Number of protein chains: 2
Amino acid sequence: MKTGNIPEPTVRRLSLYLRELENLWRADHRTVASRKLAAALKFTATQIRKDLAYFGQFGQRGIGYDVGELITKIRHILGTDRTWNVLLVGAGNLGMALSAYRGFAKKGFKLVAVFDADPSKVGKSIPMQPEIRIQSVDEIPATVKEKDIRLAILAVPGEAAQPLVDTLVQSGIRGLLNFAPVSIDVDAKVAISSVDLAVQLEQLSFQVGSGV
Amino acid sequence: MKTGNIPEPTVRRLSLYLRELENLWRADHRTVASRKLAAALKFTATQIRKDLAYFGQFGQRGIGYDVGELITKIRHILGTDRTWNVLLVGAGNLGMALSAYRGFAKKGFKLVAVFDADPSKVGKSIPMQPEIRIQSVDEIPATVKEKDIRLAILAVPGEAAQPLVDTLVQSGIRGLLNFAPVSIDVDAKVAISSVDLAVQLEQLSFQVGSGV
DNA sequence: TAGTGTGAATGGATTCACAGCC
DNA sequence: GGCTGTGAATCCATTCACACTA
């Protein structure tokens with residue numbers, strides 16, 4: 001599938017369309033118009049149609065989109081119509097919360113390994129998934145290959161992040177979800193998505209503060 | 001402070017500039033050029049200068065920016081040169097991890113109350129902050145007023161989110177960081193920032209998958 | 001009639017190019 | 001010489017307007 005010419009904002013919205021379509025499906029809606037979808041997500045109907053049109057013609061003029069079909073199509077576009085093996089580095093508070101988060105599995109992301117640098121944590125099992133035991137970070141390269149892992153979640157302190165990223169990338173990881181509050185340097189072929197929780201609150205502070 | 005005419009992407013980047021400047025300060029750099037900052041964050045130097053120029057003239061031609069001064073200025077712009085009281089709704093896995101996250105306090109966000117709908121959790125104290133006890137969600141309105149809370153973090157299941165948001169907004173909350181995987185409907189005067197962890201992984205799946 | 005798909009127009013953010021200052 | 005600040009030019013996403021189809 002081509003990707004170079006798809007606007008980034010479009011890809012972000014695609015995930016939100018999918019989420020909303022899954023809700024509609026659960027609520028027994030089998031068809032939906034761009035206008036309806038737009039209202040729920042507070043986008044414009046035109047934008048939704050244009051976004052979808054990058055990938056093909058999915059709708060029926062006069063009727064709208066078939067919810068089930070569109071779900072299938074978007075999952076295919078996003079690559080979530082299959083299971084991804086995912087690893088997690090960092091078994092601290094946040095890491096443990098993420099490992100227990102059911103939302104990942106629902107979307108086809110399967111946590112298959114957890115690593116931590118702290119020897120006292122190694123060997124312990126993690127909540128809800130007794131089959132996973134915390135491994136030493138030294139075992140990252142071997143485990144990535146053995147379990148065919150392409151995606152990694154990084155939930156470690158800022159100082160520890162970059163060296164671990166280098167290890168992950170050298171081991172064959174292709175995409176990285178980074179929770180460490182530092183900017184990460186990777187080869188362009190590796191996808192990276194960063195979430196800095198404090199930054200999110202700062203954005204709110206700006207918006208709220210300016211209105212006071 | 002004016003805000004209406006500041007591009008949203010600029011505000012997002014401001015937080016990242018601040019983060020990087022704080023790192024530079026810790027590493028004993030007292031002055032920095034836009035080019036250097038740009039290299040670290042992988043933006044362009046021009047973009048940084050233009051972003052900062054929205055708020056004033058902070059640099060010295062021929063020299064660059066004074067790190068300490070710029071930190072002060074950006075904190076003021078973002079409104080984080082003071083302490084914000086924050087509440088958390090949802091004492092599940094994610095909520096507890098967030099309540100223990102030290103990154104918030106470092107940036108001036110002080111967690112002062114935690115709520116959960118589950119009566120069996122009410123009354124328990126939370127890790128690391130024995131002075132905070134989990135309260136019933138019924139107590140939200142009174143506590144928001146009493147403790148002068150403006151920002152809320154929402155870490156509850158999707159189904160529970162919207163009614164709680166309505167309560168929060170009616171209680172006087174002005175900004176909301178939402179971790180529930182649903183789209184939230186609020187009055188335009190309330191700032192909202194959403195983080196959907198599964199969506200983040202989907203973005204990686206798309207980027208990685210398209211290159212396979 | 002209701003709703004999609006899409007070229008054209010618009011609007012807004014990024015980048016360029018350079019004047020101005022240390 | 002080095003670097004900021006900024007109008008002008010460019011680029012790119014969004015919106016408009018409408019042809020088209022069930």
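The basis for the numbers below is simple: all heavy atoms, side chains too, and nothing from hydrogens, waters or symmetry mates. The structure presented is a predicted model; accordingly, all values stated were derived computationally and were not measured. Just so we're on the same page: letters track the sequence lines, and every chain starts at 1.
- Counting to the nearest Å, the P atom of D:dG2 and the OH atom of B:Tyr65 are 18 Å from each other.
- In this structure, the CZ atom of B:Phe43 is 9 Å from the P atom of C:dT14, given to the nearest Å.
- In terms of modelled atom types and a separation under 3.5 Å, the side chain of A:Gln203 and the main chain of B:Val11 share a donor-acceptor contact.
- Distances were taken from every side-chain heavy atom of A:Ala33 (C-beta onward) to each of C:dT6, C:dG3, D:dG7; the shortest belongs to C:dG3.
- At the phosphate of C:dT15, OP1 or OP2 sits under 4.0 Å from a side-chain N or O atom of B:Thr44.
- Closest contact between the side chain of A:Pro9 and the listed nucleotides D:dA22, D:dT14, D:dC3 involves D:dT14.
- No contact: A:Thr10 has no heavy atom under 4.0 Å from any strand.
- In this structure, the CG atom of A:Asn5 is 15 Å from the C1' atom of D:dC11, given to the nearest Å.
- Without hydrogens or angle criteria, B:Thr143 side chain to B:Glu139 main chain gives a donor-acceptor distance under 3.5 Å.
- Under the 4.0 Å criterion applied to side-chain N and carboxylate O atoms, A:Asp51 and A:Arg49 are not assigned as salt-bridge partners.
- To the nearest angstrom, P of C:dC21 lies 19 Å from CZ of B:Phe58.
- Of the candidates C:dA17, D:dG5, C:dT14, C:dA17 carries the atom nearest the B:Thr46 side chain, counting heavy atoms from C-beta on.
- Spacing between atom CD1 of B:Ile48 and atom C1' of D:dT6 amounts to 16 Å, rounded to whole angstrom units.
- Atom OH in A:Tyr54 sits about 13 Å away from atom C1' in C:dG7, given to the nearest Å.
- Of the residues near DNA chain D, A:Gln47 and A:Arg61, the one whose nearest nucleotide (by heavy atom distance) lies more toward the 5' end is A:Gln47.
- Rounded to an integer number of Å, the gap from NZ of A:Lys50 to C1' of D:dT14 is 8 Å.
- Of the charged side-chain nitrogens involved, none lies within less than 4.0 Å of a carboxylate oxygen, so that B:Glu20 and B:Lys36 do not count as a salt-bridged pair.
- Note that the CH2 atom of B:Trp25 and the CG atom of B:Leu70 stand 11.5 Å from one another [nearest 0.5 Å].
- Positionally, the nearest nucleotide of DNA chain C for A:Gln57 lies more toward the 5' end than for the other of A:Gln57 and B:Ile63.
- Regarding B:Arg49, its CZ atom lies at a distance of 11 Å from the C1' atom of C:dC18, rounded to whole Å.
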